[in-house]
Undergrad: 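Supplied in structure tokens, the structure appears directly below.
Protein chains get the first letters and strands the later ones, always in sequence-line order, with residue 1 at the start of each.
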Amino acid sequence: MALSNYKEQFDKMKPSFKDVPSYKHKIKSFDDFMLKGWPTKKEEDWRYAKLNKIEKVEYQNYIFNIDKPKALFEHGFDFPVNNLVFRNGIFDKQLSQLSREAISYIKFKDHGCFSPLPGLSKLKDSSFYNLNISFNLETFYIDIPDNVVVPEPIVFSFVYDLDSTTMYHPQIDIIVGKNSQVKFIEQHKSNENEISLINPITKLRLHENSKVKYVRLAQLNGPKIKHTGHFVSQQQRDSSLHFVSVNLGGEFNRLDSEFYHEGKGSYLEVNGLCFSKGSEQVNYLSRIFHEQGYNESHQLYKCVLDDKSSSSFDGLMYIAPQAQKVNSSQLNKNLILSKEADVNTKPQMDINADDVKAAHGATVSELNEEEIFYLMSRGIKKADAIKIIERAFIDEIILKVGDLNIQHWLRGLVK
Amino acid sequence: MNDTPIVDKEYKYGFTTDIAMEQLAKGLNEDVIRKISSIKDEPDWMLQSRLRSFKIWQKMTEPKWAKVNYEPVDYQDISYYSAPKSYVGMDKKGDKPKSLDDLDPELVKTFERLGISLNEQKRISGVAVDMVFDSVSVGTTNKEILDKYGVIFCSISDAIKKYPELVKKYYGSVVPATDNFFAALNGAVFTDGSFCYIPKGVTCPIDLSTYFRINAEETGQFERTLLVADEGSYVNYLEGCTAPMRDENQLHAAVVELIALKDAEIKYSTVQNWYAGDKDGKGGIYNFVTKRGKCVGQNSKISWTQVESGSAITWKYPSVILQGDNSQGAFYSVALTHDYMQADTGTKMIHVGKNTKSTIISKGISADKSSNVYRGQVKIMPSAEGARNYSQCDSMLVGDQSNAGTVPYIEVKNKTAILEHEASTSRLSEDQLFYLQSRGLSMEESISMLVNGFCKEVFKQLPLEFSVEAVKLIEMKLENSVG
Amino acid sequence: MLQVKNLHVSVEGVEILKGINLEVKPGEIHAIMGPNGSGKSTLSKVIAGHPSYEVTSGEVTFDVNFEQKNLLDMEADERAKEGVFLAFQYPINIPGITNYDFLKTSFNSVCEYQGAPKLEDEEFKKLLNEKVKLVEMDPRFLTRPVNEGFSGGEKKRNEILQMAVLNPRLALLDETDSGLDIDALKIVSSGINKLHTKNNSVIMVTHYQRLLDYVVPDFVHVLSDGKIVKSGGKELALQLEKEGYDWVTT
């Protein structure tokens, strides 16, 4: 049985974490994983996910691969950042670069005590989430104190360059103190020959009146890589979070995200961009919970699809009965470049308060012949015209980042 | 917030007119239908159409899916024909009164009280009015101007006799008897309504208007309106309605069919202020109406604008079938419910042709114990390439016992469709009023500003005088609701 | 200018303010701080006349033209016309009405009450343009509906703009700094400072001490469980920032 591979590995690892605070949590998570196995189409949240017989692949946990040879890697930022580099799951001090101030914010705990999920969360039912809890061996903590404005973005660069069938389970746990302002970039980049499963979890807690910009990039350059990312944020009163996620490439590229408004007066923007071509698949699932009122959430998710690729957008907006005066919007726009591309969109609203504003929309459009013709009639080659139109489509998301350096960097990556 | 329920300013149209009426005995059967047809001196094809509708109706059951509760209507307990006597004799000869001066003066006074002057000298400038008193159309103003342009605007009974080819061509093409229970009933017993035909390329020089007034007791009003805009024409049509205050409910089951041919545009506005029942929910009109427009030709446009502030029960879904390529349909509505009124209303936009566009803006205001449900359907058929729809449904709840709901149905069978839907519910709350008051506006000024702002997008679709009326109407009804 | 004497306020039967005494003289800036649930917002809303709150005892008087008027007897709009202004913690959206129309209606309403001449469009626009510069807002926002689509920072600046236009004698700022980033905070504070003269007064309710670095208070009061438990100068705010509220409230 395919799952026996995982049982073997877990049993081997058990002794190393039996004295750790999260021991019980890990055991339970693994049991849940074994019971449920990999998700199938019958599970509502995985209806549009083609996992391509994942049960036939036997991933090795990255911790068993430490001694394999590594190729060199460049980190590619031409503006000042605090860069924490993880190669194939392990923190690489030499490649990293941190200011003195930033160093004081970082803690690195083995067998971390990963903060618990909020009550409404559905991630505890996710097999991939449980797999991460079971197999992760170190949590990376960032603790930004109160009243601090961090000038340079803090970057987590996860690079994967083993040509192997490995599974990676990074965990990042961030707290941003009262009134503080920080920018983060989390990037996962792999090379073409990887056949791996990249399965990270990031948790972000924003304390009162803090402001965070978070850019998350999953750039998988190979046709056999699967990425199942998880992102959870909890916002306290008056805080603001601008979140931008970009998913490119890979056999299966997915992000499950949950955002909680736990206090009043908070602001949230969730923007997503994805590209898929060939027979790639992108899945995007987001749940926004308004537990308190007087908040705003705005979500814009844009997808460009070519060839026979497919994308699915599953967005839930939940407004609790006591959460009055919420202003929320959700828009999914898809640009299909080929008639065989497949789009699924499922915006959901669960609204239980009666003094709120909720908007949602979905569009699926093709390249507009008129627009292409217009550009061509100004002397632009058809292929270039198409590129220009695509660029205009995606730039809306890139502009949401609101930081010129990061925007420039993103534009460079995205073709 | 006070518990004072909304006290409606006296419904000023609640009076009755004392006038000799010819009325058929109550009950509905084939004989009644034949009698109606004979009183109206209709050609045989019309009688046959009625009988067919009647047979269809007999096989149907009343729909129960709308979210409204009402005392069941006893269809045998209604008289299906009532007309001012002075009028009846003339009708038989196929002539209308030569001039409106021939009408019963009581009748004329009634309309003046309603603000509609039948006197040619005092006519509402710029509007041709067709007055329908109970079941009959009693007169139309401004005929000469319309004749000059070739615009036909008369009662449908007249049209059946004078323009049978036209009527036969379009009657029932948008709302056939098989469509629904009330449409079938209407097809059997309709007594009058307006017929309008705008010839090719003509922009109708003045606005057309029909005014419905239900007066007689224990009757139902079943009017039938048919409006055809030929290629390249334009018409702006207004419909107003009132009824006296009575304890029993009265039934209003109308059918309106609009047809827009290539490049034509029809704008149809309604300000409905039927009697809504008293503070305890007794009496009031049951308003069950089937209104549908068909954009038959390319580039045609139909828009429905309505301000609904009366009637005990409202069940209406003005719809547009977007058949022609590039056709556009729009629905703008403000529906106000108060006391015990119930409204289940909305629209249907059916996209069939290519590059069709529909816009829905629905504003519901519910106060006291009333219930206001928006039910809208946007259907994109497989043939509808490039369809676009924008819907905005906002509800404003006044007080804490009112109820609003939104039931959108979206069915998309073509991938290139673009749909955007926005919904909001808000409470006309102390917070909002306080915000305005804390900037120096009095309570009345604050309510006015908030309600006006809320309804603005819809009101600006109405012709100026109507929009001023509409604003006043809504404000007046909400005056004592908060604070 | 303002005297609050033994004010007790309840909402839905629960007592929130349990005997507040406060005196504010012309030209003074007072800051009110306190833990969540202490009743800070309640105090400012009650002075402005919010209908949800019930004054069970006490009085609030306001000096107008050398007369002492009992504010509690006046409706919210009357108080506004007499020169009391409340900047809301969560400003309200008013769709369908532009900022311009709202400001003009409000301004003229207050003018009329105070016996000053109403302004027509041309003159009002001139007045408005000056005020818009004060809060560094783009004049184009005047054509947008009130607070619709505004960011949190823009809404708070809009409140200060309204204050600039209505020129109140007593400004109650209810958590005007909550949700603002550093840049927006500086603009809002600068606006408040520019509007402040020796003839008007400001009461700032704040949850975060930062605001007080930019708008320096003459007096700081700590509100806890419905009562003012400590008053002092601006150093009090710094101490609270360092040590929290426990040492004051126990």
Side-chain angles (χ1 to χ4, degrees), chain A residues 144-151 176-183 206-213 235-242 261-269 271 290 292-298 300 322-329 331 353 355-359 399-400 402-403, chain C residues 12 33-38 40-41 45 52 87-96 144-157 159 173-186 188-189 205-214 237-238 240-245:
Chain A
I144 313 273
D146 294 347
N147 300 310
V148 153
V149 176
V150 181
V176 177
K178 254 170 56 167
N179 301 317
S180 296
Q181 295 177 207
V182 202
K183 295 178 200 162
L206 288 95
H207 285 186
E208 296 178 354
N209 216 36
S210 56
K211 272 154 197 35
V212 174
K213 281 201 209 287
Q235 288 182 254
Q236 286 184 19
R237 56 171 283 183
D238 302 324
S239 60
S240 124
L241 172 63
H242 283 71
H261 288 273
E262 294 176 347
K264 294 187 180 151
S266 50
Y267 181 83
L268 171 68
E269 249 188 60
N271 298 297
H290 285 267
Q292 291 295 324
Y294 295 96
N295 298 314
E296 276 192 59
S297 300
H298 300 287
L300 174 60
Q322 69 272 16
Q324 298 292 1
K325 300 255 193 283
V326 165
N327 180 358
S328 69
S329 72
L331 185 57
D355 195 352
V356 299
K357 198 164 168 187
L399 285 171
K400 299 271 184 193
D403 174 300
Chain C
E12 286 173 16
M33 305 181 71
N36 281 327
S38 53
K40 311 193 288 290
S41 275
K45 287 195 195 138
S52 291
F88 281 54
Q89 180 179 9
Y90 303 113
I92 306 284
N93 286 22
I94 310 179
R144 284 159 58 188
V146 181
N147 293 326
E148 283 276 287
F150 281 35
S151 69
E154 285 172 336
K155 284 189 194 177
K156 297 284 166 96
R157 274 189 283 168
E159 294 293 284
L173 307 178
D174 193 354
E175 300 219 24
T176 299
D177 58 328
S178 288
L180 295 182
D181 63 33
I182 268 295
D183 298 320
L185 181 63
K186 288 184 188 160
V188 164
S189 307
V205 173
T206 174
H207 189 75
Y208 306 103
Q209 189 274 339
R210 287 179 325 163
L211 174 64
L212 308 183
D213 290 339
Y214 297 95
L238 289 165
L240 287 168
E241 176 72 2
K242 268 198 231 130
E243 301 174 32
Y245 288 107

Undergrad: Is the shortest heavy-atom distance from the side chain of R237(A) to the side chain of N36(C) under 4.5 Å?
TA: yes

Undergrad: Would you call K264(A) and E175(C) a salt bridge, taking side-chain N to carboxylate O under 4.0 Å as the test?
TA: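 No, K264(A) and E175(C) are not salt-bridged.
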
Undergrad: On a heavy-atom basis, which atom in N209(A) and which in R210(C) lie closest, and how many Å separate them?
TA: ND2-NH2, 3.0 Å

Undergrad: Give, for atom CD of Q209(C) and atom NZ of K178(A), the distance between the pair rounded to the nearest 0.5 Å.
TA: 10.0 Å

Undergrad: So for E208(A), is it side chain, backbone, both, or neither that comes closer than 4.5 Å to the heavy atoms of chain C?
TA: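 Contact with chain C is through both the backbone and side chain of E208(A).
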
Undergrad: Let me confirm one number: the NE2-CG distance from H207(C) to D238(A), rounded to the nearest 0.5 Å.
TA: 7.5 Å

Undergrad: Got a sec, which residues hit salt bridge (charged side-chain N to carboxylate O under 4.0 Å, His left out) with E241(C), two or more places apart in sequence or on another chain?
TA: none

Undergrad: Do Q181(A) and D183(C) come close enough that some side-chain heavy atom pair is under 4.5 Å?
TA: no

Undergrad: Let me confirm one number: the CG-CG distance from N327(A) to N147(C), rounded to the nearest 0.5 Å.
TA: 11.0 Å

Undergrad: What part of D146(A) lies closer than 4.5 angstrom to a heavy atom of chain C: side chain, backbone, both or neither?
TA: neither

Undergrad: Is there side-chain contact between I92(C) and K325(A), with at least one heavy-atom pair below 4.5 Å?
TA: yes

Undergrad: Is atom CD of E243(C) surrounded by more than 12 heavy atoms (other residues, nucleotides or ligands) closer than 6.0 Å?
TA: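 Yes, the 6.0 Å shell around CD holds more than 12 heavy atoms from other groups.
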
